[in-house]
Structure formats: structure tokens, C-alpha cells
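Naming convention: chains lettered A, B, ... in sequence-line order (proteins, then strands); numbering from 1 in each chain.
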Number of protein chains: 2
Amino acid sequence: MAKEAGVSVATVSRVINKKGVCSKDTEQAVLSAVEKLGYKPNLFGKALRRSETKIIMVLLSSLANTFCSSVIRSIDRIAGMHGYYTMVCATEGIKEKEEYYINFATNGLFDGIIILNSSLSKAEMSSLSKTIPVVQCNEYIDTKDTPYVSIDNTKAAYDAVSLLISNGRRRIVFYTADNNLVSTKGRFDGYKSALDDNGIPFDEKLVIYGNYGYRNAVTGFSDFLDQGIEFDSIFAISDRMAAGAMSVLGERGIRVPEDVEIVGFDNTDISYTSTPKITTVAQPHHDLGENAFCQLENIISGRHTANVILSHRIVRRDSTK
Amino acid sequence: MAKEAGVSVATVSRVINKKGVCSKDTEQAVLSAVEKLGYKPNLFGKALRRSETKIIMVLLSSLANTFCSSVIRSIDRIAGMHGYYTMVCATEGIKEKEEYYINFATNGLFDGIIILNSSLSKAEMSSLSKTIPVVQCNEYIDTKDTPYVSIDNTKAAYDAVSLLISNGRRRIVFYTADNNLVSTKGRFDGYKSALDDNGIPFDEKLVIYGNYGYRNAVTGFSDFLDQGIEFDSIFAISDRMAAGAMSVLGERGIRVPEDVEIVGFDNTDISYTSTPKITTVAQPHHDLGENAFCQLENIISGRHTANVILSHRIVRRDSTK
DNA sequence: AAAATCAATGTAAACGTTTACATTTTATAA
DNA sequence: TTATAAAATGTAAACGTTTACATTGATTTT
């Protein structure tokens, strides 16, 4: 390449990066050589020298979740505006894959990581943050080393359950998942404290567990119905679970919202493509993504960072009155 | 690192890559130094030297499509088994982003590309294939240089429409999109030839255009109904369009499948989460992904490649009799 | 006309690997 | 013993950049 233009590699570099001076003539010579050869600077040479790549990784468990893909899109947009590129790595819940993707990052492939969810322990998260800039988005572990951007899950659940209560419901099923995510824990807290504030006793039998999915909810909720436990409404921690439960109710001739009211979570497609449309808790995907990137850039640039809690919103649809 | 173990960099490299001989003692020394320092070989040094990264890129327009994410998962699984890692780049339909992701690839970041869909022209696709191994999966352009793995869209549509016809339907709406994708074109051909083979005249008025989405279909199909054109069934090129149309029919008191039968495409979530469940054309995601990767590996290893056409399957549900 | 300044460009080191080749050490054979 | 072979390890070049520094040549100042 340098030979083609008849100049030194240094000059080529200067022209391409518009750094330092050079004459119009050489600039032209280089530029046309670039054109002629279709020359593209090698990423590795550059990265090796600069020790930065301007690429950030977004790590999550599954691409299937449309809420996540929406957050990713926001991250990507703002990152692009700041000269960064985004690459998405889905672990599919496999620890090994998570490890090797993180390895890429710690080996220099990425300038930072935004973690939507991971199986990292508190200690691992903390030590990873010492190796490379990391911010958590949406789901998080509260370590002192890794900033997070999320919503107040407790308050969100509180609001959702309060809506049901204000509609006169008192036997509210909490359809949750058996895991230790902050979101799950927070939503459980919110559920309980809404009951509490309204003088409704907490009933363990109304808490059921699924895995966020639709199909699992169809069989799971069916089993619940078979137990004959009395209830008048459902608050589910995912729209898909809400939809699955609703479909079972439909099959059994139980009307929504007349007999049972339902509130889901995430405002995903299924909440408005199902019949009736499902009332749900919407998280601000756009702001989540944007703030996460900003925090990451703060770390990269050595600026001060902070945890960010964004506000949610209840989207009322036809599954509640 | 080399100093820590008290050996040369060459020895370190040999130990780590288990290449060439060395004594048990030095091996131990290196290994414990690795352990102590938490040493990770730098990806760029390695890539620069080897000119390979063992990473492949999957390029697509949007992560929102669950069919695509399912194909990606298959690619990823088989790639992992062959020592390759996968990274997903979503263009969101933005030409610039497509370009810079492709740049990463041509600059050495990736050993190959699997394109699920792109806005590349035939010429661009062809010339890209001369720079880096590329295979097209699912959606494709027929260039002589870039192998593809897909289904026979014409036959799939033919089968779907034949099902409707064999159920006695003759006024079949073709709900399609206004683009030049092979899938769209093929499905149109299949639709027409099924009509033809059954002596049903093609009626231009029964062809309507949407953008694959649910919301678009709700308004679009509503407009169609307002025109008062007589029809007794719908074949849509996406499940979401089928679901959107079905929801409009529901609102207007038109029964599915009694009054109108519907067939969708892709066997995505919405086809079984909507009520009634939608009959659809299932593509073999697993095989699509697997074959795409195998073809890519063929190119990388300089072996012979071929285009692959996999078979589809009609999944009968409640939107047809 | 000599000295000083400045613009344009080249030189070479550095980034962290891999690997052909050279060298050293150790074991074996004569 | 010494010569030879084999094993272990080191040396140095190469990959493609960036950049501090050096060099060249032209222009300006004295």
C-alpha cells in the first residue's frame, strides 16, 4: 500500500487519520492508492498499537426476548453517535459461552461491556469491573464496583398490584419465577407491600412459579387452576406468562377482565397482540439503553459514574377494567 | 509474563498452544505464572500473526425477529462445536451500519460472515465474497459466488395455498410485502401456481401489501376490509401479518376458521400464542443454521460448496379446518 | 549570504503474538 | 572420553498499525 502511493507507511497513516501535516499532492497520491487497492486499515494492527477498538459488547442470555432487543437498539444508536460500535453476544444461559465472550473483552476485543443479564456472581462481577469497563443494565447485582441502570422493580410491582386492588381485587396471584434476580426479588417485595398497605393478608398459595415463557405458563397455570385455589386476578412478572395464563382462562370459560383481571410486565409485543390486550408495566427501554451507554463512556473516560433508576409506567389495556 | 516464568516468549507460546516440545519443569513454571498473573494471550497479537480469529459474524437486519434469533442459536451451537465463536451484528436496516460491520469483517475481525438478510446488491454480495468467506442463510441473492442455504419458498407457498384450496377456499387473499426478496417473489409464484393448477383465476385485488409487522397489519387489513372485496381465506407471508389480520376479523365479528381461514409463515411464537392458533409454514431453523455454518466452513477450508434447499413443513392449527 | 524557521516526509520502535531457525543442554553411542 | 544425536529453549523476524523523533528541502529572517 505504502509502495503503491510511493510514500512511507507513516505518511499513509497520517493521511488516513488526518493527523499531522502533509502536502496536497501526497495526500492525493495516498487517497488514490487507497481507492485503487480498496485498502482498509487492519483492525488488529490498529488495536494492537492503540489498545482500543471502539467496540462495546452487549452481553445477554437470549436474543429471543424482544424487550432486550429493544434496549440493545437504543444502546446501539447512542453508541453510534459517540463513535462506538456494538456487538451482541448471547450466552443462551451457558456459563462457558459467557466466559469466552468475556474473555474476548478482557483480551482487548472490546472497550467495554454492557451486561443485560449474566450468571456472574457478585465477586466475579466485581473483579471483572476491575479489568474492563462494565455497566449493568436492567438486571443487576449491587456491587460497589459496577454501576447499574434500571428501574425500581419494587415500586413498579407495587403500582401494578395497587391497580388491581383499586379495582376491587383482593385474591391476587403473583406469577413469578424461581430465581435470585433483583427484578424478581423487588417485584415480590412490591407485591407484598401493596397487599400490606391495603390490609390484605399475604397468602403463600397465591404465589406460583414459572420460567417467563408462554408454553410453560400454559401448562403451569393449568395445574394451578386444577388445585381449585380461589383468586380474582393475576400479576405476572412477564407478559408471556400473563398471556399463557390468560389463554388457559379462556379455554376454561373464565372471562378476562370480568372474572379475572391480569397485569403483565415489560410491554412486549404479546401484551398487545393477544386478545384481550394485556395491561402491563412498561420500562423505558430507550432511556435504559442510553443511560447504560453513558455510564460506560464515563468509566472509559475516567469520569465519575452513578447508578441510575428510571421511572416505569403502567400501560392500561383490556385485561383490567 | 515471560519474565515471571523465567523463560522466553517463544516457550510461553509453545506451552500455551501445546505446540512443540518442552520439559515438564518449564511447562509447570509457565503454567503457574499464567495462573499467578491471570495471563490471557492478547487477541490482537494472535490475530495479527495468524490472520484468523475463529470468530464468525452473523449479519441481519433486526434482532426483533424470533425466527432469526432461532436460526442464530443453531449457527452458534454448531459453530461452537467446531471451535468457532459467533457474534451478532444487527443493522436495523441502516445501510451505514451494515457497511461498518462488514468493514470489521474485511479488516480481519471475523473469519467469515453468515448473512441472514442484507441490503447488498448482487454485485456487492459477489465482490464481498471475493474478500471474505460469506454464506447466505434463508434470504439470498443468487450470485455464482455466494452459496446459500434456504427453503423452496415457491413450493412452500404452493403447499400453503393448496391446503386452503383443498378446504374449499377459492377467494384467497395473498398478504405480502412490497420488496424484492427471493422469499417474497417465490411465495408469490407459489401462490399463483397453486391457483393456476386448480383452475382458480388470479385476482389482483386479492393481493395486499404490508411490512411483516402486526400493527401495520391491523391498520392495513382494516383498510382492505373497508373496500368490501369478497374473500374467504388469507395466506400471509408472516405470522405477524396473519395475526394482525385475524385480530381485525375478530373485531368485526368474522369467524376464523369458519368464515375465513388463515395461513401464516414462519411458525413464530405469535402463531401459537394468538387465539385461535394460526396454521403456518415452518422452516427448519435448526437445519438452516447448521447447514449455513457448514458451508461457511467449507469456504474457509477451501473445500467445495453448494447451495442447499431444505424442506419446509405445514403446521396445521386452528385457523384452518 | 548565512542563519533560522518551518513544512513535508521518512525512520524506527513499539504493541503481543507465532514460528522457522539457531543455540544450548542433556542423553546416548562409539 | 569423545562424538553424535536428541531434546529443550532461545533468538529474531514478521504481522500492520501509530507516533516520537530525525531528516530533508524550501522559505524567511537577519
* To do: Describe, in one word, how the ring planes of B/H82 and B/F293 are oriented to each other, choosing from parallel (under 30°), tilted (30 to 60°) and perpendicular (over 60°).
  => perpendicular
* To do: Would you mind listing every side chain to side chain donor-acceptor pair (under 3.5 Å) that reaches into residues 127-138 of chain A, with sequence neighbours excluded?
  => A/S129-A/T146
Could you run down the sub-3.5 Å N/O contacts of the protein with nucleotides 17-24 of chain D?
residue : atom : partner : partner atom : Å
D/dT17  : OP1  : A/Y39   : OH           : 2.7
D/dT17  : OP1  : A/N42   : N            : 2.7
D/dT17  : OP2  : A/Y39   : OH           : 3.1
D/dT17  : O5'  : A/Y39   : OH           : 3.3
D/dT17  : O5'  : A/N42   : N            : 3.3
D/dT18  : OP1  : A/N17   : ND2          : 3.1
D/dT18  : OP2  : A/S13   : OG           : 2.6
D/dT18  : OP2  : A/N17   : ND2          : 3.1
D/dT18  : O2   : A/R49   : NH1          : 2.1
D/dT19  : OP2  : A/K19   : NZ           : 3.3

* Residues A/N267, A/Q283; criterion side-chain hydrogen bond (donor to acceptor under 3.5 Å, both in side chains); working and verdict -> CA-CA 7 Å; A/N267 192 25; A/Q283 303 191 50; over 6 Å; no
* What's the CG-P distance between A/D25 and C/dA7, to the nearest Å? -> 17 Å
* May I ask you to verify if any side-chain N or O of B/T26 is less than 4.0 angstrom from the OP1 or OP2 atom of D/dT9? => yes
* In whole Å, what is the span from the CG atom of A/L48 to the C1' atom of C/dA14? -> 9 Å
* Contacts of type salt bridge (Lys or Arg N to Asp or Glu O under 4.0 Å), residue A/E4, not counting sequence neighbours -> A/K36
* To do: Please state whether the phosphate of C/dA7, meaning OP1 or OP2, lies under 4.0 angstrom from any side-chain nitrogen or oxygen of A/S23.
  => no
* Please lay out, stage by stage, how B/V182 and B/Y148 fare under the test side-chain contact (heavy atoms from CB on, under 4.5 Å). => CA-CA 12 Å; B/V182 281; B/Y148 57 83; over 6 Å; no
* Asked: Roughly, in whole Å, what's the span from NZ in B/K24 to P in D/dA8?
  -> 10 Å
* Decide side-chain contact (heavy atoms from CB on, under 4.5 Å) for A/K46 and B/N107; before the verdict, give the C-alpha distance in whole Å, the side-chain angles of both, and the deciding distance to 0.1 Å. => CA-CA 10 Å; A/K46 180 181 289 200; B/N107 288 356; over 6 Å; no
